[in-house]
Amino acid sequence: MNDSSPASNRPSGRMTGGRAMAEMLRLAEAGPMFGMGGFQLLPFYDALAELGMQHFLINDERCGAFAADAYARVTNRPGICDGTLGPGATNLVTGLIEALNAGTPMVAFAGDTNRAHSWKNMTQECRQVEILRPAVKELIRIEQTSRVPELLRRAFAVATSGRPGPVVLDIPEDVCHGTHEFTAADFAIDATTLRAPARRIRPDRADTARAAALIASAKRPLILVGGGIHLSEAYEAVLALAEAQSIPVAHTMSGKGGIACTHPLSAGLFGRYSRIANELVETSDCLLVVGCKLGEIATKRYALPSKSIPLIHLEIVAEEIGRCLPAEVALWGDARAGLGDLAEALAEEGRRARSARADYVGEIPRRMAAWREEARARLDSDERPIHMARLCREFNRALPAESILVADGGFAAHWTGLLYDTKIAGRHFVPDRGLASIGYGLPGGIGAALAAPGKPVVAITGDGGFNMMLGELETARRAGVGLTLVVVNNAASGYVKALQHAMFRGRYQSSDLVEMDYAAIARAMGCNGIRVEDPNQLAGALAGGLAERGRPTVVDVIVTRDPARMLPAVDNRTVEIKQGDRVA
Ligand SMILES: Cc1ncc(C[n+]2csc(CCOP(=O)(O)OP(=O)(O)O)c2C)c(N)n1
Ligand SMILES: [Mg+2]
């Protein structure tokens, strides 16, 4: 075990299970935590107070899990959250599944009943272990106070190893309140498990050689990156391979930032929405898929790419390979390690490949410029209500390279996934594509802001998503985060309304929201609030939000109420709407 924790950090003596939890988190140098207390975990809370650790009360445990998820994505350190038994535990479920599906390292605590009285209709009792188990990578029930350090160690190892994910520690009240005589030796943690990826594994050498040969013989190879590129922090490796071999890179929403969107080799988003990438996928003769599950959105509901294109799939979870598309070469391993090995295997080829593919890579910036020309009217639109493409253009202008944009599950993520340009590689775009719940924007923004102090953090959410989470504005204010939250105010559950427009001849059912002034609500809650109806005021409003320190700003942006124009159709020329089909 790579245990680098100093001896002075190792307490000994009699202490509660809750105190032992806090001591282990201190050893793990865990970041800010998010939760809502209840009787069961109060010894843990008391220990946090005594040790001076950062813990934020949230107003809904789901938001605690979302905030922890965003914190983890920005830092690759496990996000920490907690809930009390019963409703606290069940409220965690949505956020835990987001983390599970996205591969976010997380350690969550759920209080549980006192075992002296379990199953006697205790207040708030439910079958939470069964409810939580499928929502996490591993659920660990702590049955003895003495085992708290050991099982926290285990939680960090599971959360950060292989494909990272959330772990729940289920802690009965008597284990948390109970005491044990601990020795200093009990408090140890493996330093390599404090950050994902804990350990890296390389693909088989023979498979790498076959993949390299396939790439070398291709005229139009293309790299497709998913969220795994961030989990593996494979930024330099992917860029080195792409540049040395002249291979463009397209990304999913989660993979945005694998290389900078502004890089000449970036082909942008592929899948359901695309600028130029889908055409490149379809005309490619070798696809290298990295850290991407090739799920519904990435494949345009399994229509893309054609099965006849040879595909190399580099993936940390062996059984994901071949699930949706057959792989000609399966590379089972860590993205960074695997890309590095490929670059090495292809090193001799570089000069020849760059000259052979000069025309091909020259196409990318040319086609991107042509796309931009075609989209210009929308990107530069002066119309009122404001065009979503114009809002994205303003983001591209206002947000400095190091900023982080958190995108909520509604249209916000689709529009910005397509039109927002990250200017440097890294996790600068954080969408909740694991479960695509609406409501992630505000709590995700809080988590990202706390993870990246000093960096500009902007979150974008629909009005529906914001309504779900209004209470967390109080959390954001109390936490003193200078987050800028952009509310896409279309007075609708826009996604649903757009589908009802397209598929049900405009018979709208339960998709309208009442007109609200979210900036006024923000001001009433002690935050900064700016309402924007004129697109020419967007730049000033965003600058105002970014300049605000120590309290959140809500920028309430009035966008189209016309359901025919809510989809990011600006580049989505190929989607055919068929009865019963999902469009966005
Ligand atoms: C928790 C949850 N419930 C329902 C959905 C389905 N859904 C996807 S987008 C959307 C509309 C959300 O409205 P809003 O947040 O205002 O975003 P808009 O689409 O209007 O931009 C809904 C209901 C979801 N993604 N998550
Ligand atoms: Mg809306």
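Counting convention: from 1, in listed order, for ligands and their atoms alike.
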I'd like to check whether Leu513 has a polar contact with ligand 1, where a contact means an N/O of the residue lying under 3.5 Å from an N/O of the ligand. no

Stepwise salt bridge (Lys or Arg N to Asp or Glu O under 4.0 Å) test for Glu515 and Arg561: CA-CA 11 Å; Glu515 290 284 348; Arg561 268 115 183 89; 2.9 Å; yes

Which residue owns the protein heavy atom closest to atom 9 (S) of ligand 1, what's the atom, and how far is it? Tyr495 CB, 3.3 Å

Using distance alone, determine whether Val496 and ligand 1 share an N or O pair under 3.5 Å. no

Are the side chain of Asp408 and the backbone N or O of Gly439 linked by a donor-acceptor pair below 3.5 Å? yes

At less than 2.8 Å, how many protein N/O/S atoms surround the Mg ion (ligand 2)? Leave waters out. 3

Taking His230 for its side chain and Ser254 for its backbone only, find out whether a donor-acceptor pair lies under 3.5 Å. yes

Within the 4.0 Å heavy-atom shell around Met468, which atoms of ligand 1 are there? 1 (C)

So which protein heavy atom does atom 15 (O) of ligand 1 come closest to, and at what separation? Gly465 N, 2.8 Å

So, Arg523 side chain and Gly529 main chain: donor-acceptor pair closer than 3.5 Å or not? yes

Does atom 4 (C) of ligand 1 have a protein heavy-atom neighbour under 4.0 Å away? no

List every atom of ligand 1 that sits less than 4.0 Å from any heavy atom of Gly464, numbering the atoms from 1 in the order shown and giving each element. 14 (P), 15 (O), 16 (O)

For atom 26 (N) of ligand 1, which of Asp432, Asn489, Ile438 has the closest heavy atom? Ile438

Looking at Gly228, is its backbone amide N or carbonyl O close enough to the side chain of Ser232 to form a donor-acceptor pair, meaning the two atoms are under 3.5 Å apart? no

Atom 25 (N) of ligand 1: the protein heavy-atom neighbour that sits closest, reported with distance to 0.1 Å: Ala436 O, 2.9 Å

At under 4.0 Å between heavy atoms, which part of Asn490 makes contact with ligand 1: side chain, backbone, both or neither? side chain

Contact summary for Trp415 and Cys392, nearest pair of heavy atoms: O-SG, 3.8 Å

Parallel, tilted or perpendicular, as decided by the 30° and 60° cut-offs, for the rings of Tyr420 and Phe395: perpendicular

Spell out, as yes or no, whether a donor-acceptor pair under 3.5 Å connects the side chain of Tyr45 to the backbone of Met36. yes

Quick one: does any side-chain atom of His313 pair with a main-chain N or O of Cys292 as donor and acceptor, under 3.5 Å? yes

Can you find an N/O atom of Val488 closer than 3.5 Å to an N/O atom of ligand 1? no

Just need the protein heavy atom nearest to atom 17 (O) of ligand 1, so name the residue and atom and give the distance. Gly462 CA, 3.6 Å

Could you tell me whether the side chain of Asp463 and the main chain of Ala491 form a donor-acceptor pair under 3.5 Å? yes

Please step through salt bridge (Lys or Arg N to Asp or Glu O under 4.0 Å) for the pair Arg323 and Glu320, ending with a clear verdict. CA-CA 5 Å; Arg323 188 206 283 267; Glu320 283 300 335; 2.9 Å; yes

Any donor and acceptor pair, going by atom type alone, linking the side chain of Arg163 with main-chain N or O of Leu100 inside 3.5 Å? yes

Would you say the side-chain atoms of Arg141 pair up with the backbone N or O of Val129, donor to acceptor, closer than 3.5 Å? no

Numbered atoms and elements of ligand 1 in range of Ser437, under 4.0 angstrom, heavy atoms: 1 (C), 26 (N)

Is there a nitrogen or oxygen of Asp463 sitting under 3.5 Å from a nitrogen or oxygen of ligand 1? yes

For atom 23 (C) of ligand 1, find the nearest protein heavy atom and state the residue, atom name and distance (0.1 Å precision). Ser493 OG, 3.4 Å

Is atom 11 (C) of ligand 1 touching the protein, meaning some protein heavy atom lies under 4.0 Å away? yes

When Pro305 is tested against each of Asn278, Val289, Leu325 for side-chain contact (heavy atoms from CB on, under 4.5 Å), which residue passes? Leu325

Indicate yes or no for a side-chain donor-acceptor contact from Asp69 to the backbone of Thr104 under 3.5 Å, with no hydrogens or angles considered. no

Atoms of ligand 1 under 4.0 Å from any heavy atom of Gly410, numbered from 1 in the order shown, are 9 (S)

The answer for which part of Ala412 has a heavy atom under 4.0 Å from ligand 1 is neither

